[in-house]
Amino acid sequence: MKNFYNHLHAQHQGKVEMFRGALVPCFEVPARADHVLAELQRRQLGAVLEPQTFDEAALTAIHSPRYLKFLATAWDQWVALDAANADKDILPSVWPTRTFRTDIEPDNFAAKVGLYSYDAGTPFTSGTWVAARAGAHCALSAAQAVLAGDRAAFALSRPPGHHAGADFFGGYCFLNNAALAAQHLLDQGKGAGVKKVAVLDVDYHHGNGTQAIFYDRPDVFFASIHGDPRTEYPFYLGHADETGTGAGLGANLNLPLPRGTDYATWSQALETALAGIAKFGADALVVSLGMDTFEGDPISGFKLTTQDYLRLGERLARAGLPTVFVFEGGYAVDAVGVNAVNVLQGFTSP
Ligand code: OKP
Ligand code: ZN
């Protein structure tokens, strides 16, 4: 399996995030990807490649031009306000909620940041745009490899992506890598017979961005297994009654589970998700591969073990679809490499 490694990921290195009234060190750290890379190389599980570059159109297929322009210029705007800002990250602090307008982009920088975000846990740093763009290119490159005939490919990219919407960042995410990969498979895969794509999100947190992007689409099935949003981030989306809208009705499947869920129960939800994907008739699969379902994860509540990830990989292989893996969450830094590579290993050599 080819692995597309975001060689620029460490340029995104947030200092602090807002948590319970205090600024605490970021959980989403560069060491996460370093550990996955080291484990890939240790087990020699395929070539580690730099991503190709793609033009703007591959990004505007998912994200709004207004949002992309903001991401590309945000840091310069921030430092232009005050040169001393260069030592601090941008952290959102004000948002338009119900009854406010979102059609007018404010001139005020803080207000602009709030228009394009939804939480105060996602710092935007000097290198965020460069890192996020290269990460998106990893996901697109992995999709490209699958279109060229590879059975599977892995985008080893951070920051993660599944919380990012068409025009907002949040939940440590800026560009929706999984959505970009899915759209690329559709846009470039017509000749290869790719007409319908499924996104399976196994991150602990509901992929609200991916769901929202494809919610009215009949050609992308979104299935997600995650902590119940009544108690778990991102709280305001991910309930079982969200089944899609309009032409996309029936193409969204949420499987929320309580804190404390282990693989015996989690894998039943996986069967339900895969049955939905099979019934939908997907021609290709994108897996939002979050490893924060691990029992040792510091911010999550499921109880999957390191061994369980081998079984997950085996099961995904048996789904029989060309598969793009996109790295998402996983904050037990010392375990995330072994756990992620276990999924890939289970997939390739069960
Ligand atoms: C991103 B991904 C922890 C608060 C949690 C947001 C979690 C984002 C998870 N102090 N804040 O889905 O792994
Ligand atoms: Zn997560």
Side-chain angles (χ1 to χ4, degrees), residues 9 12 14-33 35-36 89 91-93 95 117-124 128 131-132 135 139 155-165 168-179 199-213 222-238 254-257 259 261 266 286-304 309 312 325-333 335-337 339-340 343:
H9 78 83
H12 174 68
K15 295 179 171 72
V16 288
E17 61 181 77
M18 178 67 81
F19 181 62
R20 295 186 182 162
L23 294 172
V24 303
C26 286
F27 288 89
E28 202 288 287
V29 293
R32 300 176 56 248
H35 281 280
V36 181
D89 296 342
L91 211 50
S93 62
W95 299 273
S117 68
Y118 74 94
D119 72 17
T122 311
F124 189 107
T128 294
L156 174 46
S157 59
R158 55 169 294 281
H162 70 150
H163 296 302
F168 59 81
F169 68 93
Y172 315 154
C173 302
F174 301 88
L175 295 173
N176 195 310
N177 304 312
V199 179
L200 173 63
D201 191 322
V202 299
D203 187 280
Y204 179 75
H205 305 93
H206 176 250
N208 61 286
T210 315
Q211 170 171 313
I213 286 165
F222 178 70
S224 179
I225 309 166
H226 51 269
D228 190 328
R230 285 181 173 79
T231 60
E232 307 307 301
Y233 187 93
F235 309 120
Y236 310 109
L237 209 65
N254 282 330
L255 299 161
L257 296 169
R259 291 186 74 86
T261 295
W266 192 92
V286 176
V287 179
S288 266
L289 189 62
M291 310 310 302
D292 41 10
T293 50
F294 179 53
E295 57 184 349
D297 197 89
I299 65 169
S300 308
F302 289 167
K303 297 272 176 257
L304 272 64
Y309 293 110
L312 170 57
F325 290 96
V326 178
F327 188 51
E328 301 277 5
Y331 307 97
V333 176
V336 73
N339 290 345
V343 176

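From a predicted model like this one, the values you see are computed outputs, not experimental measurements. Counting starts at 1 for both ligands and their atoms, in listed order.
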Closest approach to the Zn ion (ligand 2) by D292, given as the N, O or S atom name: OD2

Write 'none' if nothing qualifies; otherwise put on separate lines each N/O atom of ligand 1 with a protein N/O atom under 3.5 Å away and their distance to 0.1 Å.
unit_1, atom_1, unit_2, atom_2, d
ligand 1, 12 (O), H162, NE2, 2.6
ligand 1, 12 (O), H163, NE2, 2.6
ligand 1, 12 (O), D203, OD1, 3.0
ligand 1, 12 (O), H205, ND1, 3.1
ligand 1, 13 (O), D203, OD2, 3.3
ligand 1, 13 (O), H205, ND1, 3.4
ligand 1, 13 (O), D292, OD2, 2.9
ligand 1, 13 (O), Y331, OH, 2.5

Closest approach to the Zn ion (ligand 2) by H205, given as the N, O or S atom name: ND1

Salt bridge (Lys or Arg N to Asp or Glu O under 4.0 Å) partners for R230, two or more places apart: D228

At less than 2.8 Å, would any N/O/S atom of H162, backbone or side chain, sit next to the Zn ion (ligand 2)? no

Confirm or rule out an N/O/S atom of D203, from backbone or side chain, lying less than 2.8 Å from the Zn ion (ligand 2). yes

Please find the pair of heavy atoms, one from R32 and one from V336, that lie closest to each other, and give the distance. O-CG1, 3.6 Å

What are the two closest heavy atoms between S288 and E328, and how far apart are they? OG-OE2, 2.7 Å

Spell out, as yes or no, whether a donor-acceptor pair under 3.5 Å connects the side chain of D203 to the backbone of G329. yes

Ring center gap for Y172 and Y331 short of 6.0 angstrom: yes

Applying ring-ring contact (aromatic ring centres under 6.0 Å, His included), name anything that partners F235, two or more places apart in sequence or on another chain. Y233

F174/F124 aromatic ring centres below 6.0 Å: yes

Sequence neighbours excluded, which residues qualify as ring-ring contact (aromatic ring centres under 6.0 Å, His included) partners of F168? Y118

